[in-house]
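What follows is a single structure, written as structure tokens, with notes after it.
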Protein chains: 2
Amino acid sequence: MATIYEVSKLAGVSLATVSRVINKNSRVSDKTRQKVLAAMSELGYRPNSIAQSLASNRSNSVGILVSELHGPFFGQMMAGIESELRAAGKHVIITTGHSEEDKEKDGVEFLISRNCDAIILHVEAVSDEYIIELSKGKTPIYLMSRLVEGLEEQCISLNNELGGYLATNSIIQQGHSAIAYIAGPQFKADSQDRLAGHKRALAENNIAFSDTLYFEGDFKETGGRDGLKYFLSSKQTFSALICANDEMASGAITFAREQGFSLPKNLSIIGFDNIIFAQHTYPKLTTIDNPVNLMGHMAAKLVLKNIYQQKNISITHSFEPTLITRDSVVFNS
Amino acid sequence: MATIYEVSKLAGVSLATVSRVINKNSRVSDKTRQKVLAAMSELGYRPNSIAQSLASNRSNSVGILVSELHGPFFGQMMAGIESELRAAGKHVIITTGHSEEDKEKDGVEFLISRNCDAIILHVEAVSDEYIIELSKGKTPIYLMSRLVEGLEEQCISLNNELGGYLATNSIIQQGHSAIAYIAGPQFKADSQDRLAGHKRALAENNIAFSDTLYFEGDFKETGGRDGLKYFLSSKQTFSALICANDEMASGAITFAREQGFSLPKNLSIIGFDNIIFAQHTYPKLTTIDNPVNLMGHMAAKLVLKNIYQQKNISITHSFEPTLITRDSVVFNS
DNA sequence: TTGTACGCGTTATCAG
DNA sequence: CTGATAACGCGTACAA
């Protein structure tokens, strides 16, 4: 509520001097600094970051755009970014895109118009061209879980194709050949890549991909439920089920048991992402680890290095998923 | 990048006129409006919301402070608030407090300094006095899951005491009398209230509260695990376990099975919150519904009504938890 | 080391 | 209906 002007008056110095003690960079004599500090605390002065931002064209805050605010995946991602940035004294402004092109663009413009020093995006509906165009603007752009050609240096991504391959391959190594697959929404690049990896593993093992053992889910619990229901109603036989994320795997597990399956004996199930709850399904979920929290940290480090000039930070742009073996996949005898 | 000034030049009108067409309220002739609109799109003009905010003292955005960005509880809360506000064209600025006093205050000041039209707080470490002091400032304050005396009109809260009572009472009604309790961190009011409800139910049924069947957990999976481990190592006998939230219940379920328990036969377990994954534990978790998503919507409605003058909105300040009966609690014979 | 004065991009209050 | 012009709160050359 109090302004820099009132502080300067009370301290008997000029506006500029007050500004100088706020931005600890330029030199002020110790005596006047004390006077100013005293005046500030007496007035309960707090810098107006809006005005600071307008005047300096910086904001000490980075924007984050995620698809959703709920769900273990985005939660881990946001937490990773935020904790890294917060430790460096930077704030985070979060908004959402809901996987819809209009909302994603709206969110991006909001963040840009708020003068964020950089923005970290997890966008799914928007085109590569849009992103490339965006990256030419004055606000630096960084991308999570997405690899855009020409912007490799600004991307932190996971090799989803490899993850998909690992999942299917591990299932095949366990003696399964009749394998059902519940994919994620195919407009999402992650989902496509995971499916591609699945198909590669099948091909390498001379197993034909079957349309009737394929279902496109929604990445939520209901997707796993609906997918399994679909496979069962179409009288397919299969000994293993691959779900493109853990939420769908959870849904499938629950539905399978409702249908009288004994797990994992009757059906092996594998997920993807390794969300915390994957340790608490029954049987404990075998899955592919997606180090999304780590990737969040890395994205934050990337902006600390590039935007806030922090040195001695080494960046990993590309992450590799790994197989987490638990109890939900067994040998098919 | 383009400013209102360039637009006015290109359109051949004054700054003020451009500002008028941006803020659709005051009247501009159709002809000049078209000229301005054309100029805006030709230049790709986007209002700088920082400058708007500085000049108008409004920001069309509301601040949210939560303890953590991850976890099903906060996810649902943020999602509820955001979706309601977004539908009304308002943006949301989210930051965190990590349940630490300093960080909570820092977060609050960040939001205030960003000129939020209102802020919605889920604070746990900060005192009632601080909040009351805060509420005297120029930025309107609203509170989630916390009831502060004197600020009832700005609070959206859950009757946690009742929830705690319901949980324990339902367990008792199932014939249990040796009941272990894993509480949440006791510096959190929610945890205290849930525990108080537990004790009331015990007292009403003439069951003594036993210190040796009490453990203070951390509201995470490990809390459930650690709590159960503690009870088992201390050779207590009990037929039911109450966990102050679902994460701890999940951890307890997993650990119980690792220890060879057959659930729910050997041990009945009840949780609190009814997070989505409570439907996917095995056995499916009996729990207390905490309508946190709804409460988020309601908090958003409250600011829409009070701050953005939306009419015909009816507000519920106080929510009641309900028992969700699933499979993890059985009759003690 | 300190002060003056201008600019950041808009809104808002006046006149006209 | 439209146009000057003063705020908004602060950063930052430039001068002193």
Side-chain angles (χ1 to χ4, degrees), chain A residues 1-37 39-40 43-61 109-117 137-139, chain B residues 1-37 39-40 43-61 109-117 137-139:
Chain A
M1 213 60 189
T3 75
I4 199 177
Y5 175 71
E6 305 174 43
V7 173
S8 76
K9 228 171 36 181
L10 182 64
V13 298
S14 76
L15 290 181
T17 303
V18 177
S19 176
R20 285 187 186 101
V21 351
I22 294 172
N23 309 289
K24 317 169 192 306
N25 34 16
S26 55
R27 308 222 158 287
V28 181
S29 82
D30 230 41
K31 224 176 61 186
T32 57
R33 178 192 311 283
Q34 294 312 327
K35 280 195 303 190
V36 172
L37 255 26
M40 294 204 314
L43 294 172
Y45 170 77
R46 294 290 152 197
N48 179 323
S49 56
I50 292 290
Q52 287 181 317
S53 181
L54 184 61
S56 69
N57 222 358
R58 285 178 282 99
S59 65
N60 265 317
S61 61
E109 289 189 353
F110 172 73
L111 294 175
I112 291 178
S113 79
R114 300 291 302 188
N115 252 2
C116 292
D117 297 334
K138 80 162 205 258
T139 305
Chain B
M1 214 59 189
T3 76
I4 200 178
Y5 175 71
E6 306 175 41
V7 173
S8 76
K9 226 170 38 179
L10 182 64
V13 298
S14 74
L15 290 182
T17 303
V18 178
S19 176
R20 285 187 185 101
V21 349
I22 294 172
N23 309 288
K24 316 171 192 309
N25 34 15
S26 57
R27 308 224 157 282
V28 181
S29 82
D30 232 41
K31 226 176 57 187
T32 57
R33 178 192 311 284
Q34 294 312 326
K35 278 195 305 190
V36 173
L37 256 25
M40 293 203 316
L43 293 172
Y45 169 78
R46 295 290 152 196
N48 178 323
S49 56
I50 293 290
Q52 287 182 315
S53 181
L54 182 62
S56 69
N57 220 3
R58 283 178 283 99
S59 65
N60 266 316
S61 61
E109 289 189 354
F110 172 73
L111 294 174
I112 291 178
S113 78
R114 300 245 55 169
N115 253 3
C116 292
D117 297 334
K138 80 161 206 262
T139 306

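Here is how names work: the chains are called A, B, and so on, in the same order as the sequence lines, proteins then strands, and each is numbered from 1.
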remark   = Residue pair A:K31/B:T3 against DNA chain C: nearer the 5' end by closest nucleotide is A:K31
message = Students often get this wrong, so: under 4.0 angstrom with heavy atoms, is B:R33 touching a base, only sugar-phosphate, or nothing?
response = nothing
ask   = Heavy atoms under 4.0 Å, any strand shown: does A:R58 hit a base, just sugar-phosphate, or nothing?
value = sugar-phosphate
key: Spacing of A:M40 atom CE and A:S8 atom OG [to the nearest 0.5 Å]   = 12.0 Å
request  = Give the rounded distance in Å between these two atoms: CG of A:N57 and C1' of D:dG9.
outcome  = 15 Å
query = Does anything in residues 10-23 of chain B reach DNA chain D, meaning a heavy atom under 4.0 Å, and if so which residues?
reply = B:V13, B:S14, B:A16, B:T17, B:R20
query = Rounded to the nearest Å, what distance is computed from the CE atom of residue A:M40 to the C1' atom of nucleotide D:dC10?
reply = 14 Å
inquiry  = Test your reading of the model: is there a side-chain donor-acceptor pair from A:D117 to the backbone of A:N60, 3.5 Å cut-off?
reply    = yes
task = Please confirm whether the backbone N or O of B:V13 pairs with a side-chain atom of B:T17, one donor and one acceptor, at under 3.5 Å?
result = no
key: Distance in angstrom units between B:K9 NZ and D:dG3 C1', rounded   = 17 Å
query = Is the shortest side-chain N/O distance from B:T32 to OP1 or OP2 of D:dC1 below 4.0 Å?
reply = no
query = What pairs meet the salt bridge (charged side-chain N to carboxylate O under 4.0 Å, His left out) rule with one or both residues in residues 13-22 of chain A, with sequence neighbours excluded?
reply = none
key: Whole-Å gap separating C1' (D:dA7) and CD (B:Q52)   = 16 Å
remark   = Note: chain A reaches DNA chain C at heavy-atom distances under 4.0 Å over the stretch, first to last nt, 5' to 3', of C:dT1 to C:dG9
query = How many Å lie between CG on A:N115 and P on D:dC10, as a whole number?
reply = 16 Å
query = Which distance, rounded to the nearest 0.5 Å, do you find between the CD1 of A:I50 and the CZ of B:R114?
reply = 4.5 Å
message = Just the rounded figure in Å: distance from P of D:dG3 to CD1 of B:I4.
response = 12 Å
request  = Could you pick out which residue, A:N48 or B:R27, lies toward the 5' side of DNA chain D when each is mapped onto its nearest nucleotide?
outcome  = B:R27
request  = May I ask you to decide if B:S53's main-chain N or O and B:S59's side chain share a donor-acceptor pair within less than 3.5 Å?
outcome  = no
task = Report the distance from atom CG of B:D30 to atom C1' of D:dC1, rounded to the nearest whole Å.
result = 12 Å
task = Provide the closest heavy-atom pair for A:Y45 versus A:A2 in the form atom of the first, atom of the second, distance.
result = CD1-O, 3.2 Å
ask   = Between B:S19 and B:L15, is there a donor-acceptor pair closer than 3.5 Å when you use the side chain of the first and the backbone of the second?
value = no
task = Of all the heavy-atom pairs spanning B:S113 and A:P47, show the shortest one and how long it is.
result = CB-O, 3.7 Å
